[in-house]
*Asks:* 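Below: one structure in structure tokens.
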Amino acid sequence: MTQKIALAAAVAAGCSTTAAFAPRQVTRTYVQSLAAPPDRILPLLTPLGERAWADGWDPTILHAAPEPGAGTVFVTRHAGRADTLWLLEEYDPARHRVRYVRVTPGSDVTELAIALEAAGADRTSATVSYTYTGFTPTGNALVDDMTEEHYAHRLRQWETALNHFLTTGQLLRATH
């Protein structure tokens, strides 16, 4: 079903229709080590839960499914870039999983899947996978830029911020 949603979103967002255009896709995965059990972490991976630990994360909820629920639709805004539309496609507390699909018009469709697994009494192993699909030259540039090194760097920053919140209860301010 994820591929159908991604395809529909890409079409709705205005895919490149030139015959010479070839969309590119890459999947990247990183495993984080987090300082709390999965039941404590999963609520922090919702659109509103992420505000507690991710500096600058401020989604606008367009449709709120029963909290925290699959079907929530929201938008994020970033200076100098197109707004990104997100769908919380899966939120599964029993399996400690969350999955999103996001569309940035004129650029890409990205799928984000996170699976949490207990790694001791107060530790979690979080497998975070992003699949980036460019549907325009701009999107393909994003795919090309998402090297293993770049992706790992981004996910280490995320891991540091989340662990800081889990251990201190405080938001770690990003340095720019």
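The basis for the numbers below is simple: all heavy atoms, side chains too, and nothing from hydrogens, waters or symmetry mates. This is a predicted model, so every value here is computed, not measured.
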*Asks:* Does any part of the side chain of Trp86, heavy atoms only, come nearer than 4.5 Å to the side chain of Val75, both counted from C-beta?
*Replies:* no
*Asks:* Give a yes or no answer on whether the side chain of Asn140 reaches the backbone of Arg24 with a donor-acceptor pair at less than 3.5 Å.
*Replies:* yes
*Asks:* I need the Asp108 CG to Gln25 CD distance, nearest 0.5 Å.
*Replies:* 11.0 Å
*Asks:* Report yes or no: does Thr72 contribute a side-chain atom to a donor-acceptor pair with the main-chain N or O of Ala65 at less than 3.5 Å?
*Replies:* yes
*Asks:* Do Pro59 and Arg51 have side chains that approach each other closer than 4.5 Å (heavy atoms only, starting at C-beta)?
*Replies:* yes
*Asks:* Could you tell me whether a side-chain N or O of His78 sits under 3.5 Å from a main-chain N or O of Asp83, the two making a donor and an acceptor?
*Replies:* no
*Asks:* Between Ala118 and Pro38, which heavy-atom pair has the shortest distance, and what is it?
*Replies:* N-CG, 3.6 Å
*Asks:* Measure the spacing between CZ of Arg102 and OH of Tyr130 and express it to the nearest 0.5 Å.
*Replies:* 5.5 Å
*Asks:* Using every non-hydrogen atom in the two residues, find where Gly71 and His63 come nearest and quote the distance to one decimal.
*Replies:* O-CD2, 3.2 Å
*Asks:* What's the shortest heavy-atom distance between Pro23 and Gly134, and which atoms?
*Replies:* CB-O, 3.1 Å
*Asks:* Which distance, rounded to the nearest 0.5 Å, do you find between the CG of Leu171 and the CZ of Arg173?
*Replies:* 4.5 Å
*Asks:* So, Arg154 and Glu159, do they make that salt bridge, N to O below 4.0 Å?
*Replies:* no
*Asks:* Just how far is it from atom CG of Leu34 to atom OG1 of Thr167, taken to the nearest 0.5 Å?
*Replies:* 11.0 Å
*Asks:* In the structure I gave you, are the side-chain heavy atoms of Phe74 and Leu87 within less than 4.5 Å of one another anywhere?
*Replies:* no
*Asks:* Do Leu48 and Ile61 come close enough that some side-chain heavy atom pair is under 4.5 Å?
*Replies:* yes
*Asks:* Would you mind reporting whether Leu44 and Phe165 have side-chain heavy atoms less than 4.5 Å apart?
*Replies:* yes
*Asks:* Do you reckon Val31 sits in the same ILVMFWY cluster as Ile41, going by side-chain contacts under 4.5 Å, direct or chained?
*Replies:* no
*Asks:* Only one of Leu116, Thr29, Leu112 clears side chain to side chain contact (heavy atoms under 4.5 Å, CB included) with Val128; which?
*Replies:* Leu112
*Asks:* Check whether any side-chain heavy atom of Asp92 lies under 4.5 Å from a side-chain heavy atom of Arg99, and answer yes or no.
*Replies:* no
*Asks:* Measure the acute angle between the ring planes of Trp53 and Trp158, then classify it against the limits of 30° and 60° as parallel, tilted or perpendicular.
*Replies:* parallel
*Asks:* Are the side chain of Asn163 and the backbone of Ala35 linked by a donor-acceptor contact shorter than 3.5 Å?
*Replies:* yes
*Asks:* Under 4.5 Å between side-chain heavy atoms, hopping through other hydrophobics if needed: is there a path connecting Leu155 to Leu172?
*Replies:* no
*Asks:* Establish, from distance only, whether the side-chain atoms of Arg81 and Thr104 form a donor-acceptor pair under 3.5 Å.
*Replies:* no
*Asks:* Can you name the nearest heavy-atom pair linking Thr46 to Pro43, along with the distance?
*Replies:* OG1-O, 3.0 Å
*Asks:* So does Glu117 have more than 12 non-hydrogen atoms from other groups sitting under 6.0 Å from CD?
*Replies:* no
*Asks:* Look up atom OG1 in Thr147 and atom CD in Glu149, then write down how far apart they are to the nearest 0.5 Å.
*Replies:* 4.5 Å
*Asks:* Run through Val73, Leu45, Val98 and flag the one making a side chain to side chain contact (heavy atoms under 4.5 Å, CB included) with Leu88.
*Replies:* Val98
*Asks:* Going by an N to O cut-off under 4.0 Å, is there a salt bridge joining Glu148 and Arg28?
*Replies:* yes
*Asks:* Would you confirm whether Thr124, through its side chain, and Ala126, through its main-chain N or O, come within 3.5 Å as a donor-acceptor pair?
*Replies:* no
*Asks:* Without swapping roles, check the side chain of Thr136 against the backbone of Gly139 for a donor-acceptor pair under 3.5 Å.
*Replies:* yes
*Asks:* Write down the atom of His150, the atom of Asp145, and the distance for their closest heavy-atom approach.
*Replies:* ND1-O, 3.0 Å
*Asks:* Using every non-hydrogen atom in the two residues, find where His96 and Asp39 come nearest and quote the distance to one decimal.
*Replies:* NE2-OD1, 2.6 Å
*Asks:* Say you draw a straight line from OG1 of Thr110 to OH of Tyr132; how long is it, rounded to the nearest 0.5 Å?
*Replies:* 6.0 Å
*Asks:* Indicate yes or no for a side-chain donor-acceptor contact from Arg40 to the backbone of Leu166 under 3.5 Å, with no hydrogens or angles considered.
*Replies:* yes
*Asks:* Could you tell me whether the side chain of Ser129 reaches within less than 4.5 Å of the side chain of Tyr30, counting heavy atoms only?
*Replies:* no
*Asks:* Please evaluate residues Trp57 and Thr76 with respect to the criterion side-chain hydrogen bond (donor to acceptor under 3.5 Å, both in side chains), reporting the C-alpha separation (whole Å), side-chain torsions for both, the decisive distance (0.1 Å), and the verdict.
*Replies:* CA-CA 8 Å; Trp57 179 259; Thr76 56; over 6 Å; no
